[in-house]
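Predicted, not measured: the structure shown is a model, and the values here were computed from it.
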Amino acid sequence: MILITGHVIMNPENATRMIALGAEHSARSRGEAGCLAHHCHVDVEDTMRLVFVEEWESIDAVRAHFAVPASAAFVAEMRALSPQPPVIRIYAAEDVTAKLMG
């Protein structure tokens, strides 16, 4: 599984637009092949931080996601609205829940 985490900093004047963009992007992404989960959250400790958590079946699914024109448009608009560049981290992950939780 591929796990992606990311965040973007919002300004008070455009937070509503950025939250709407994030929610739309997550909903659209959940419909893509290979998307196991894709969610957008407002950080409860820093309400001007929008956080993304994604799970994908494979790196090929992630590559296909990044190639979707709407994904590129989403990133471009978020960059334009944010005072800081977005942060993204992509990990190859193994689910070890059963090993740890029994």
Side-chain angles (χ1 to χ4, degrees):
M1 173 176 41
I2 304 300
L3 175 65
I4 300 177
T5 63
H7 73 267
V8 64
I9 302 302
M10 301 182 287
N11 287 324
E13 62 271 8
N14 54 28
T16 300
R17 173 67 181 144
M18 293 177 80
I19 290 167
L21 281 171
E24 291 166 8
H25 177 69
S26 287
R28 181 180 58 255
S29 298
R30 286 192 296 270
E32 294 178 25
C35 184
L36 304 172
H38 198 298
H39 300 283
C40 174
H41 309 271
V42 175
D43 186 333
V44 297
E45 295 180 307
D46 178 354
T47 57
M48 289 294 105
R49 185 173 182 254
L50 199 56
V51 178
F52 296 86
V53 180
E54 309 172 30
E55 297 174 12
W56 294 86
E57 287 180 353
S58 67
I59 195 68
D60 289 336
V62 173
R63 284 187 180 111
H65 170 64
F66 288 162
V68 172
S71 291
F74 161 76
V75 171
E77 188 167 357
M78 282 296 204
R79 280 187 178 142
L81 293 170
S82 179
Q84 299 176 20
V87 173
I88 186 170
R89 299 284 185 261
I90 304 171
Y91 305 93
E94 174 187 1
D95 185 348
V96 295
T97 306
K99 292 177 187 177
L100 294 174
M101 307 302 285

Problem - Separation between CG of Leu81 and CG of Leu21, rounded to the nearest 0.5 Å - result: 6.5 Å
Which donor-acceptor pairs under 3.5 Å do side chains of residues 57-69 form with protein atoms, sequence neighbours excluded?
from, atom 1, to, atom 2, distance (Å)
Ser58, OG, Asp60, N, 3.4
Ser58, OG, Ala61, N, 3.1
Asp60, OD1, Arg63, NH1, 3.3
His65, ND1, Glu32, OE1, 2.9
His65, ND1, Glu32, OE2, 3.2

Fill in the blank from the handout: Correct closest heavy-atom pair for Leu3 and Glu54 would be CD1-O, 3.3 Å
Practice task
Report the residues that fulfil ring-ring contact (aromatic ring centres under 6.0 Å, His included) with Phe74, sequence neighbours left out, ordered by chain and then residue number.
Solution key: His25, Phe52
Problem - Thr47 versus Met10, closest heavy-atom pair with distance - result: O-CE, 3.3 Å
Exercise for the section: List the atom of Cys35, the atom of Ser29, and the distance in Å for their closest heavy-atom pair. Expected result: CB-O, 3.3 Å
Exercise for the section: Return yes when atom CZ of Arg79 has more than 12 non-hydrogen atoms of other residues, nucleotides or ligands closer than 6.0 Å, and no otherwise. Expected result: no
Exercise for the section: Would you mind reporting whether Leu50 and Cys40 have side-chain heavy atoms less than 4.5 Å apart? Expected result: yes
Handout entry: In one Ile/Leu/Val/Met/Phe/Trp/Tyr side-chain cluster, 4.5 Å: Val42, Met78
Key = yes
Exercise for the section: Check for a donor-acceptor pair, side chain of Asn11 on one end and backbone N or O of Glu13 on the other, with a separation under 3.5 Å. Expected result: no
Fill in the blank from the handout: Value for CE (Met18) from CD1 (Ile9), rounded to nearest 0.5 Å, stands at 8.5 Å
Problem - Distance, nearest 0.5 Å, that separates CZ of Arg28 from OG of Ser71 - result: 5.5 Å
Practice task
Starting at OG of Ser82, measure out to CE of Met48 and round the result to the nearest 0.5 Å.
Solution key: 11.0 Å
Exercise for the section: Applying side chain to side chain contact (heavy atoms under 4.5 Å, CB included), name anything that partners Asp43, two or more places apart in sequence or on another chain. Expected result: Glu45, Asp46, Arg49, Val51
Completion exercise
Separation between CD1 (Ile90) and CD1 (Ile2), nearest 0.5 Å, reads 8.5 Å
Exercise for the section: Indicate whether the side chain of Ser26 and that of His38 have a donor and an acceptor atom separated by less than 3.5 Å. Expected result: yes
